[in-house]
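The structure under discussion appears below in the form of structure tokens.
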Protein chains: 2
Amino acid sequence: MGGCVIVPIVDDMSTLPTMTDPTDRFDLDEFLPYLLNQAAEATSHEFQSAYRDRYGFTRTQWRVLANLGKFGAMTARDICAISHIEKTKVSRAVAALERAGILSRTPSETDRRAEVLSLTPTGHSVFAELGELAQGFDQNLRATLGQNEAANLVSILRHLAKGGQGRRGKDT
Amino acid sequence: MGGCVIVPIVDDMSTLPTMTDPTDRFDLDEFLPYLLNQAAEATSHEFQSAYRDRYGFTRTQWRVLANLGKFGAMTARDICAISHIEKTKVSRAVAALERAGILSRTPSETDRRAEVLSLTPTGHSVFAELGELAQGFDQNLRATLGQNEAANLVSILRHLAKGGQGRRGKDT
DNA sequence: CGTTCATAGTTGCAAATGCAACGAAGTCAA
DNA sequence: TTGACTTCGTTGCATTTGCAACTATGAACG
């Protein structure tokens, strides 16, 4: 940043080709997807150490666990729909969590393609522990933001997460 | 917020195991890192098709390009500091962008470990095109949010991105 | 100088991811 | 019933990522 002053090189700006008006040049500092990513990475990465160090979970695994813990037994498909996580990610996370004894699968009685996923007792206690950590972590974040801003943020994010992903089936 | 009154289900709470007070149970729906991720993924993924389809860039590559386009020539280190992208990611993105003729490296005159990165003419024009798309995309998002909420969101996200990642050197 | 420690950037390798393709089961209609 | 089409979930494969070295340079201090 060298505190530059912009001196017009030409007198008649209208002779410049397709150069659009300065006010709508792209501004990375204001680009929402970029800012969202930075904020998401910063916060998630910090909390990640909690589940990674203790249980070796990946972010996706923690997310699947959290959904099951929060909303109860459901199919992989439901998790996809609720969380907007891609189905192959869910599939692999479920496989890993099952190997780790966190959840178990039961064939659905109404649809033989699907399996109902539910936390094992171990899964429940792990969720309880991580949930408590998450809760504390979140409280900290909210404290630094202020409760009003935090509540505001939540509603805006919900809006973005809902409307943001138009196409269906995938998401990541 | 919700103005809830907590009605005890049992008379003697002390008989309940370790179950903490309902008001501080973990609520995934309100967990900021989770919501941030969903919103970030939803918006970024949608915009991703723009640079992936046209140029085959990854998200990281686009981010590096955007930083160079916006802030001008600088070293990889600077990009890391500004964007909070991990240095190996930056390193590989830079290598790829160089191969693609988007940027060029010049040994720093003051530090022989470092290289100054700058966009080539091609890089500038690619940035101009993608920047315009990004601009339009962002306008859309802001329109659905409303300008007030959008401005609000930006300031909160900046706050999170800054404070959020305490430890140094990494980030992802 | 020489020693020690920090920093810029790269690389190896294991793990996570994205995407397309697949098998199996469900749905709908002729 | 058959056939065309959709959906649930998994798998193969190429790409991207994370993390821990590692090289080369710089900086601090005796």
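Not measured: the values here are computed from a predicted model. The sequence lines fix the lettering, A, B, ..., with proteins before strands; numbering per chain opens at 1.
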Worksheet item: Given A:V64, which of A:L117, A:L97, A:T58 fulfils the side-chain contact (heavy atoms from CB on, under 4.5 Å) condition?
Response: A:L97

Worksheet item: Salt bridge or not for A:E41 and A:R59, using N-O below 4.0 Å?
Response: yes

Compare the minimum distances between each of [options] and the side chain of [X], then state the nucleotide with the smallest one.
| X | options | value |
| --- | --- | --- |
| A:A76 | D:dG9, C:dC19, C:dT10 | D:dG9 |
| A:E86 | D:dT17, C:dC19, D:dA20 | C:dC19 |
| B:R52 | C:dC19, D:dA21, D:dG9 | C:dC19 |

Spacing of [X] atom [atom1] relative to [N] atom [atom2], expressed in whole Å:
| X | N | atom1 | atom2 | result |
| --- | --- | --- | --- | --- |
| A:R59 | D:dG18 | CZ | P | 8 Å |
| A:K87 | C:dC19 | NZ | P | 12 Å |
| B:N37 | C:dT17 | CG | C1' | 14 Å |
| A:I85 | D:dG9 | CD1 | C1' | 15 Å |
| A:E41 | D:dT17 | CD | P | 10 Å |
| A:I79 | D:dG9 | CD1 | P | 9 Å |
| A:Y51 | C:dA16 | OH | P | 12 Å |

Item to complete: Please report the shortest heavy-atom distance between A:S104 and A:T120, naming the atom on each side.
Response: N-CG2, 4.1 Å

Does the side chain of [X] get closer than 4.0 angstrom to OP1 or OP2 of [N] through an N or O atom?
| X | N | answer |
| --- | --- | --- |
| B:K89 | D:dG18 | yes |
| A:T88 | C:dC19 | no |
| B:S91 | C:dT10 | yes |
| A:H45 | D:dC19 | yes |

Discussion item. Taking the nucleotide of DNA chain D with the nearest heavy atom to each, does B:F57 or A:R92 sit closer to the 5' end?
Written reply: A:R92

Practice prompt. With DNA chain C as reference, determine whether B:D78 or A:T58 sits nearer its 5' end, using the nearest nucleotide of each.
Written response: B:D78

Worksheet item: Under a 4.0 Å heavy-atom cut-off, which of residues 101-116 of chain B touch DNA chain D?
Response: B:D111, B:R112, B:R113

Worksheet item: Angle class for the A:F26/A:F31 ring planes (parallel below 30°, perpendicular above 60°, tilted otherwise)?
Response: perpendicular

Item to complete: Indicate the ring-plane relationship of A:F47 and A:F137, choosing parallel, tilted or perpendicular according to the 30° and 60° boundaries.
Response: tilted

Discussion item. Nearest 0.5 Å, please: how far is CG in B:L145 from CZ in B:R142?
Written reply: 8.5 Å

Worksheet item: Is B:V90 reachable from B:I82 through a run of hydrophobic residues whose side-chain heavy atoms are each under 4.5 Å from the next?
Response: yes

